[in-house]
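Note sheet for the following structure.
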Amino acid sequence: MAQIDALPPLREVIETHGIAAKKALGQNFLLDLNLTARIARAAGDLTQCDVLEVGPGPGGLTRGLLAEGARRVLAIEKDSRCIPALEQIAAAYPGRLTTINGDALEVDPLAHLTPPIRVAANLPYNIGTELLVRWLTPADWPPYWTSLTLMFQREVAQRIVAEPGSKAYGRLAILAQWRADAHIVLDLPPEAFVPAPKVSSAVVHLTALPAPRYPADAQTLSHVVATAFNQRRKMLRSSLKGLSPEIEDHLVAAGIAPTDRAERVALEGFCALARSLHEAG
Ligand code: SAM
């Protein structure tokens, strides 16, 4: 295997800095630097970009991103045990790696980044979906990021790219596909991680579209879809009745049969329904 840098192997880094994996922090580390370089390549051309990485851990993906030429990496890590290991990487790539010891749900990364910005992360599973929804639902579009390259449990990855009519289709598919292109670019078995999780994983690459595929108010769409899929087996006239006393009229105006179920309605239909409800106030 080719060496991607002159830093010590990740097993040695973990041993030196005492970074035994903690389940509560969602720590399943990638120790194969060729694999992390591959994930970094899936993020696209990094040479003109700043990269936001959430949860660098001992720095496997961080090293991949830097070796693949990222202009700058901002890495936000909650576990202070990882900081000395990340400082060692920063010293090997002068001026290109900034580390923040903090909670990615609370830190505002924008103060430290210059566009164009790509996001790449092997996310802690417990906050992965929440971060994705935040990245997909800013008040203004296009967002600050041009692409997201993110590791998820395979089941979550499938929900992001799911099509209408499938079991995995729901709120994540609609929010992701409304304003981005989303593809699974890599599948990984449990053994790719240390320790090995119980489930398989996949890397999803999302590219922000310049404008949403169909017009709709983001908050209304998000609320409609969350309500519709909360009771996905019910007919929409029943699952959505709390949204408006005239819900059947709104469904018909949007071209949706009131007796349909949420999983059969395509993105265009949900956007039309959100517009109809939003216009009615
Ligand atoms: N990127 C490393 C890799 O690929 O080997 C580690 C990935 S591990 C799945 C997730 C990382 O996210 C851990 O290092 C964990 O400490 C960190 N983490 C967990 N919760 C976090 C949070 N709220 N904010 C920032 N980092 C967090």
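One-based numbering, in listed order, for ligands and for the atoms of each.
Side-chain contact, R237 with T259: no donor N or O sits under 3.5 Å from an acceptor N or O. Under 3.5 Å, the side chains of T149 and H205 contain a donor-acceptor pair of N or O atoms. Between the side chains of R154 and S201, no donor-acceptor pair of N or O atoms lies under 3.5 Å. Residues D79 and Q27 have side chains that bring a donor and an acceptor to within less than 3.5 angstrom of each other.
A distance of 5.5 Å separates NZ in K234 from NZ in K241, rounded to the nearest 0.5 Å.
Protein residues lining ligand 1, listed by chain and number: L25, G26, Q27, N28, F29, L30, E53, G55, P56, G57, I76, E77, K78, D79, G102, D103, A104, N122, L123, P124, I127 [non-hydrogen atoms, distance under 4.0 Å].
Nearest heavy atom pair, residue W141 against residue L209, reads NE1-O, 2.7 Å.
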